[in-house]
Amino acid sequence: GRERAALVDSGMGVGDVRSEIAKITSLPCIVLNTHHHWDHVGANALFDASAIHENEADQLAQEQNIGAFREAFRSPGARSVLPLSFDPDSYRIIPRPATHILHDGDEIDLGDRVLTALHTPGHSPGHCTYLDEEDGLLFTGDTAYVGPVCACFDGSDPAAFAKSASRLAGLPGSWTVCPGHNDLVTDPGWLNEFAKCVEVAVSGRVEGTWRDDLFVGREFRFGALSVWLPA
C-alpha cells in the first residue's frame, strides 16, 4: 500500500524475516496472522503491529509448547537446511499480544490497497483468509492449498472446514490462491474442486486411511490433495 505494508503470517521465526522485509519496503509493516499456530506466528515479536481473529487472540499472547519441534530441529535432515547460527535448544516462539483484533469482513487499509479478512474456521477456530480483491489474490493460510490440509488437530472442526472451503469456492471472480504452504494455485477452477473434495471427505461418503506418521487421523487422498480428519 501507499502508507504501510502487510505480511501475511511471519513464519517459524528461524531467520530474521524483518530484515528481509526491509529489503522490499521501508513502509511500516503489520503482520496479518491467518491463525495462531507456531509455524505462522514465529516472528511476530519482530514487528510492532499484528492482527488476528478475535477467536485466537488469547492464544497469540501465550507461550507455545514447541518441545517436539525443537527435537525435530536437531535431526540431521533439519540441520542441513537450517542456518548454521540456529540453536534448537534456545528456540522459542516469543508471545506477543495482537495490536489489532479482527472480525469477519473487517478491512485492512494499507493506503490505496485494501485487504479484507474472511473468517474461515475449521483448521483452527479463528482462522482467517485475506482477500486482495483488486489484484485477485486470496491468502488462504492453512485452509486451502495443494498438499495435506488438516482439520484433525485440537481445536479443528471438520464441519466448519467444509463450510469454509465452500465459502471460498463461492467467491465471485477469479483468484490466485496464495497459501501458507506449498505453491501458488492459478487454476480458476481449483477452489471448486477443493471444496468438493473436502465435502466428500467430511460427509463420510468415502473411506479414509488411518495414519499416525505425518499427522494423526484419517487421510482422504484426492491426487496431490489430501484431507486429514480426526480419528
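One-based numbering along the sequence shown. Keep in mind the model is a prediction, meaning the values are calculated, not measured.
Put simply, the side chain of His119 gets close to the backbone of Pro125: a donor and an acceptor are under 3.5 Å apart. Distance alone, capped at 3.5 Å, is enough to place a donor-acceptor pair between the Arg96 side chain and the Ala45 backbone. For Asp157 (side chain) and Ala159 (main-chain N/O), a donor-acceptor pair under 3.5 Å exists by modelled atom type. The backbone N or O of Leu46 sits less than 3.5 Å from a side-chain atom of Arg18, completing a donor-acceptor pair. Distance alone, capped at 3.5 Å, is enough to place a donor-acceptor pair between the Asp9 side chain and the Thr34 backbone. Looking at Ser10, its side chain does come within 3.5 Å of a backbone N or O of Asn44 through a donor-acceptor pair. Here the side chain of Asp135 pairs no donor or acceptor atom with the backbone of Leu137 at under 3.5 angstrom. Looking only at distances, no side-chain donor or acceptor of Ser166 sits under 3.5 Å from a matching main-chain atom of Ala162. Counting only distance, with no hydrogens or angles, the side chain of Glu54 and the backbone of His103 share no donor-acceptor pair below 3.5 Å. Here the side chain of Tyr145 pairs no donor or acceptor atom with the backbone of Val177 at under 3.5 angstrom.
Counted by atom type alone, Thr99 and Ser50 present zero donor-acceptor pairs between their side chains at under 3.5 Å. Side chains of His36 and Glu56: a donor-acceptor N/O pair is present below 3.5 angstrom, by distance only. Judged by distance alone, the side chains of His181 and Asp142 do bring a donor and an acceptor atom under 3.5 Å apart.
Both Phe139 and Leu110 are assigned to one and the same hydrophobic cluster, defined by single-linkage of ILVMFWY side chains at heavy-atom distances under 4.5 Å. One hydrophobic cluster, built from ILVMFWY side chains closer than 4.5 Å, holds both Leu138 and Val149. In the hydrophobic cluster analysis, where Ile, Leu, Val, Met, Phe, Trp and Tyr join through side-chain heavy atoms closer than 4.5 angstrom, Val146 is grouped together with Leu191. Clustering ILVMFWY residues whenever any of their side-chain heavy atoms sit less than 4.5 angstrom apart, transitively, puts Val14 in the very cluster that holds Ile93. Note on Val198: it clusters hydrophobically with Val185, by side-chain heavy-atom contacts below 4.5 Å among ILVMFWY residues.
A heavy-atom distance below 4.5 Å is found between the side chains of Pro230 and Pro158. The side-chain heavy atoms of Leu32 and Leu7, taken from C-beta on, include no pair separated by under 4.5 Å. Side-chain atoms of Pro121 and Ser164, non-hydrogen and from C-beta on, do get closer than 4.5 Å to each other. Using a 4.5 Å heavy-atom cutoff, the side chains of Trp228 and Ser226 are in contact. Put simply, the side chain of Phe47 reaches to within 4.5 Å of the side chain of Ile21, judged on heavy atoms.
Once rounded to the nearest 0.5 Å, the distance linking CZ of Phe220 with OG1 of Thr209 reads 8.0 Å. Residue Thr120 holds its OG1 atom at 9.0 Å from CZ of Phe161, rounded to the nearest 0.5 Å. Distance check, rounded to the nearest 0.5 Å: OG1 of Thr176 to CG of Leu184 gives 7.0 Å. In this structure, CD on Gln64 lies 7.5 Å from CD1 on Ile66, to the nearest 0.5 angstrom. Note that NE2 of His127 and CG of Leu118 are 11.5 Å apart. Values are rounded to the nearest 0.5 Å. Considering CZ of Phe194 and CG of Leu168, their distance stands at 7.5 Å, rounded to 0.5 Å.
Aromatic ring pairs are classed by plane angle as parallel below 30°, tilted from 30° to 60° and perpendicular above 60°; the pair His35 and His123 is perpendicular.
Among Ile108, Asp109, Asp132, the single residue meeting the side chain to side chain contact (heavy atoms under 4.5 Å, CB included) criterion with Val114 is Asp109.
Closest approach of Gly122 to Ala151, counting heavy atoms only: O-CB, 4.0 Å. Looking at every heavy atom in both residues, Arg70 comes nearest to Pro88 through CG-O, 2.7 Å. Of all non-hydrogen atoms in Val17 and Ala43, the two that sit nearest each other are CG1-CB, 3.5 Å. Of all heavy-atom pairs spanning Asp106 and Ile101, the tightest one is OD2-O, 4.0 Å. In terms of heavy-atom proximity, Gly126 sits nearest to Asn55 at CA-CB, 3.7 Å. Of all heavy-atom pairs spanning Leu84 and Arg79, the tightest one is O-NH2, 4.2 Å.
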Q: For side chain to side chain contact (heavy atoms under 4.5 Å, CB included), just list the numbers for Arg205 and Glu199, CA-CA rounded to whole Å, side-chain angles, deciding distance to a tenth of an Å, and then say yes or no.
A: CA-CA 9 Å; Arg205 299 206 306 267; Glu199 194 278 328; 3.0 Å; yes
Q: Quick one: do Phe215 and Phe153 satisfy ring pair (Phe, Tyr, Trp, His ring centres under 6.0 Å)? Show the steps, please.
A: CA-CA 9 Å; Phe215 307 111; Phe153 301 143; 5.5 Å; yes
Q | From CA spacing to verdict: ring pair (Phe, Tyr, Trp, His ring centres under 6.0 Å), Phe73, Phe86 | A | CA-CA 9 Å; Phe73 283 151; Phe86 177 71; 5.4 Å; yes
Q. After noting the C-alpha distance and the side-chain angles of Thr140 and Thr129, does the key distance pass the side chain to side chain donor-acceptor pair (under 3.5 Å) rule?
A. CA-CA 5 Å; Thr140 57; Thr129 293; 5.9 Å; no
Q: Show your reasoning for whether side chain to side chain contact (heavy atoms under 4.5 Å, CB included) applies to Leu229 and Val202.
A: CA-CA 8 Å; Leu229 301 177; Val202 172; 4.1 Å; yes
Q: Tell me, with the steps shown, if Asn33 and Leu60 meet side chain to side chain contact (heavy atoms under 4.5 Å, CB included).
A: CA-CA 10 Å; Asn33 286 127; Leu60 199 61; 4.0 Å; yes
**Q.** Residue pair Leu27, Glu3: steps toward the side chain to side chain contact (heavy atoms under 4.5 Å, CB included) verdict
**A.** CA-CA 7 Å; Leu27 292 172; Glu3 299 172 357; 5.9 Å; no
**Q.** Derivation of the salt bridge (Lys or Arg N to Asp or Glu O under 4.0 Å) call for Glu71 and Arg74
**A.** CA-CA 5 Å; Glu71 183 63 31; Arg74 297 189 183 100; 2.6 Å; yes
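Atom CG of Asp183 is surrounded by 12 or fewer heavy atoms from other residues, nucleotides or ligands within 6.0 Å. Other residues, nucleotides and ligands contribute more than 12 heavy atoms inside 6.0 Å of the CG atom of Asp213. At most 12 non-hydrogen atoms from other residues, nucleotides or ligands lie less than 6.0 angstrom from CD of Glu207. Heavy atoms of other residues, nucleotides or ligands lying less than 6.0 angstrom from CG of Asn65 number 12 at most.
With salt bridges taken as basic N to acidic carboxylate O contacts below 4.0 Å, one links Glu219 and Arg221. Ion pairing between Glu20 and Lys23 holds under the 4.0 Å rule for side-chain N and carboxylate O.
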